[in-house]
Structures are given as C-alpha cells and as structure tokens.
K.L.:
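Please read through the structure below; I'll follow up with questions.
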Number of protein chains: 2
Amino acid sequence: MKEERSKTESIILNAAKKVFIRKGYDGSRMQEIADEAGINKALLHYYFRNKDTLFDAIFLEAFASFIPNIGITIMSNIPINEKLKTIIDTYIDMLTANPFLPPFILQEINRNPQRIVGELQGRGLNPELFKKVLYSEIGAKSGKSIKPEHLMINIVSMCIFPFAAKPILMGFVFNHDEEKFNNFINERKQVIYEVIVKSLEI
Amino acid sequence: MKEERSKTESIILNAAKKVFIRKGYDGSRMQEIADEAGINKALLHYYFRNKDTLFDAIFLEAFASFIPNIGITIMSNIPINEKLKTIIDTYIDMLTANPFLPPFILQEINRNPQRIVGELQGRGLNPELFKKVLYSEIGAKSGKSIKPEHLMINIVSMCIFPFAAKPILMGFVFNHDEEKFNNFINERKQVIYEVIVKSLEI
DNA sequence: GTCTATATTGTGATAGAC
DNA sequence: GTCTATCACAATATAGAC
C-alpha cells in the first residue's frame, strides 16, 4: 500500500513542477521552488533529500504524460486510418493540456540521454510489435508503402514540433498574436490527419 | 571594415560553441570553456566581458544557421514542387552538418523567447510575402488546399524533430544503434518530399 | 595578452531551536 | 514538521604581476 501524500508534499511537488518545467533542471533554483511553495529551503530538503530527488519525481511523471500509451490503439481492431486519427487526437489533446512539456522533455532528454533506458517497461510499449502490425496494415492498403518508423515519426513530429518551437513560430509566423497560434493548433488535428492519410495513398 | 579576429579569440569562440551547444547557457561553466580552449578564465573575461556576451556571440551565429534563408527559393521562378524539394534538402543538409543545433536552439529560445524579436531583419525573410506566394502556387494546383503556414510548419517539423528528439528515438525506435538512426536520416529527404507532395494532391 | 590569486556572490545542503 | 541561521563549495568576475 502506498503511503498517503501529505498536504505539504503536494504543495512542494506542484511548485517544483511549475519551476522545473519552465526553467529546466539547470535553470531552476531550490530557493525559487521554496518561494513558489510558500515555504523555506530547509523544508524542501526535509521532504526530498536533494535537488535530484525532487527533480526525478517531476520528470518521471512528465515523461509518462509525454509518451501516451498508443499501444492499445495500435493493437486494436479498428481500421488503420481510424487508428491514426486516434493517435493524432491523443497527442494534440495531451499537448494542448500540457503545452510546456515539449521544450522541457526535449531539453532534459538531451541533457541526460541515458535516462531513457528502461523507460519502456510496464507501459505496454513494444515498438517492434507495433512496427510489424503497422507494416502489415499500411502494406495492405498501398503498394510500395512508407516505412512504419517514418510514418510514426512524421505524426509525432507534426504534432509536437509547433509546441517545442512556439517562440520561433510566434515571432516569425504569428506576429506574437497568441490567438493566431491557438487557431493554428485547433486546425492541426484535421490538417495532420489529412497529410498522413494522403501519404498512405489510401 | 570589420576588425580581423585574433587567433585566441577564434579558439575561445570554438571552445564556447562546443560547450554552449552541448550544455546550453545554464548548464555551461566558464571554467569548462576555458579548459576546452586551453586557457584560463581570466582570459575569457579579457576577450568577452562576461558569460552573456560570450554566449550571445555563439547563439546569434547558431540561430542564423538554424534558420536558413529559404526566401530566395520561395521567390524563385521554379515549379512549386521543386521549391519544396529544395527547401527540404536545405534543412536536412543543415541538420546533418549540425545535428546538435535543434536541442540547443529550442532550449535557448524557450529560455529567452523575446530574443526572437527583430531577428528577421537583414535576412531577406518576409513571412507575409512568402505566404502569399505559396498560397497562390498551391491554390493553383489543387482545389481547397492546405494553408501555407501548415505546409511550411509540416516541412520543418518533419525535418527538425528527429534531431531534437534523437535520444528518445534512439531508445524507443532504434535500439541505441547509431547506424539505424543515420540510415533513417538518409531516407528522410525522399520520404518527406513524397509526404508533402501528396498532401498537395498534385 | 596571459597568467595567478582573490574578491564576491550564488546555491545546495545541514544544524539545531522550537 | 517547520523555521532561522549557517556552512561549504561552486561560479562569475576582477586585480594586479609579468
């Protein structure tokens, strides 16, 4: 049985999430997290031995959100284009709810790449199996077809990149108009789905 | 006339580039840059007043590489699909030569978004004009067509994202096999071009 | 221009009272 | 559990000799 999480612990975790996700590990200060939580540094160290421990608690949860479990969808019994539509919707919904995740995760994953090792376990993710299933299904629809790796990476690229590069897009494309960006994202599910389906020549 | 850059200054800039691009501003130490350059910290400060000054010298050049001037291509007189092919090739070539740029630029742009303001000047980039040109050319080829913003962002997303998320792909898709990743990138120019062309229903 | 030494401030972490 | 005070060391930056 998991211990009940104390109220203070939750406050700390929320504050740490806010700071770490916006500034990354290197850019975050224990003092700022304490301020955000309305407590002092000593209490942070009472609940979490050190900065690394606190950061790991945040990162692991964030990373889990960032890699949604699309295995159920891929292995399900619906037509391939419905699978792809579901996967795209899943990603865009996750990103709309957590727009700051992409820069945070990409930054931290590059800072400490070996953290990835073993993150697949217990999440029902088996890329080799997914590849096989996708390969048979897109091969059945079109002649010489796109490889599953390219297909999947095309999807997540088009979903995630606009959030990772938002400040660039805001400056170069949307003229610092937040509403234009939101409209763009709202159109995106449909746009990506059409691009992907056409790429399969269904 | 620009002053000639001294030998030591070049050594410092090369060292700083190496460190900053791999570790970002917050993760980099002046000491590490000095070590990398084979000099001491004091000399760094002699050539560059402080960390910020040195960083800016690196960032501005890196950012310029990261945003290739595709204006010439867009405004040129060749058919739309050749324009798109040239743009894709330009990006993939830039990224192959500088695979560490995406995580670095995305990280720093999110750390300090206002740096973008005014980065367009003097680079021949006029997004509004590009939009108009692309709109007329893709509208001429297909009926109700994809918006130019989506088209362009689809291209750069599919080009850049695999480099930004390389550690994740290495872990989840390529089983930590560097050669598989390189093969994947080699296939990518053609794959992206086909996806983009099909999305235009040409 | 380049170095050693040092000042100064920032930051993670701990001691100990309450 | 929570706080104040403080330690120990890391990091940017400067002074001053050569």
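Convention: sequence-line order gives letters A, B, ...; per-chain numbering from 1.
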K.L.:
Give a yes or no on this: more than 12 heavy atoms of other residues, nucleotides or ligands lie within 6.0 Å of atom NZ of A/Lys83.
P.N.:
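It does: A/Lys83 NZ has more than 12 such atoms within range.
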
K.L.:
Quick check for you: among D/dA13, C/dT14, C/dT2, whose closest atom lies nearest to any side-chain atom of B/Leu43?
P.N.:
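Out of D/dA13, C/dT14, C/dT2, the nucleotide with an atom closest to B/Leu43's side chain is C/dT2.
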
K.L.:
Picking from D/dT14, D/dT2, C/dA13, which would you name as closest to the side chain of A/Lys41?
P.N.:
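Looking only at side-chain atoms, A/Lys41 lies closest to C/dA13.
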
K.L.:
Are any side-chain N or O atoms of A/Lys131 and backbone N or O atoms of A/Glu149, one a donor and one an acceptor, separated by less than 3.5 Å?
P.N.:
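Absent.
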
K.L.:
So if I take every side-chain heavy atom of B/Tyr47 and compare against D/dC3, C/dA13, C/dG1, which nucleotide ends up nearest?
P.N.:
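Among D/dC3, C/dA13, C/dG1, the one nearest the side chain of B/Tyr47 is C/dG1.
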
K.L.:
Does either side chain, that of A/Gln31 or that of A/Asp35, offer a donor lying less than 3.5 Å from an acceptor on the other one?
P.N.:
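A pair is found: one side chain offers a donor N or O, the other an acceptor, under 3.5 Å apart.
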
K.L.:
Is the distance from OP1 or OP2 of C/dC3 to the nearest side-chain N or O of B/Asn40 less than 4.0 Å?
P.N.:
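Yes, B/Asn40 has a side-chain N/O under 4.0 Å of OP1/OP2 on C/dC3.
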
K.L.:
So, OP1 or OP2 of C/dG12: does either fall under 4.0 Å of a side-chain N or O from A/Arg29?
P.N.:
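Answer is yes, contact under 4.0 Å.
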
K.L.:
Taking the side chain of B/Tyr46 as its heavy atoms from C-beta onward, which of C/dA13, C/dG1, D/dT4 lies nearest to it?
P.N.:
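Per side-chain heavy atoms of B/Tyr46, the pick is C/dG1.
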
K.L.:
Ignoring the backbone of B/Ala42, work out which of C/dT4, D/dA13, C/dT2 is nearest its side chain.
P.N.:
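Per side-chain heavy atoms of B/Ala42, the pick is C/dT4.
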
K.L.:
Phosphate oxygens OP1/OP2 of C/dT2: is one of them under 4.0 Å from a side-chain N or O of B/Thr8?
P.N.:
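Checking B/Thr8 against C/dT2: at least one side-chain N or O falls below 4.0 Å of OP1 or OP2.
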
K.L.:
Centre of B/Tyr25's six-membered ring, under 6.0 Å away, within 45 degrees of the axis: is that where NZ or CZ of B/Arg115 sits?
P.N.:
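That pair does not qualify as a cation-pi contact.
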
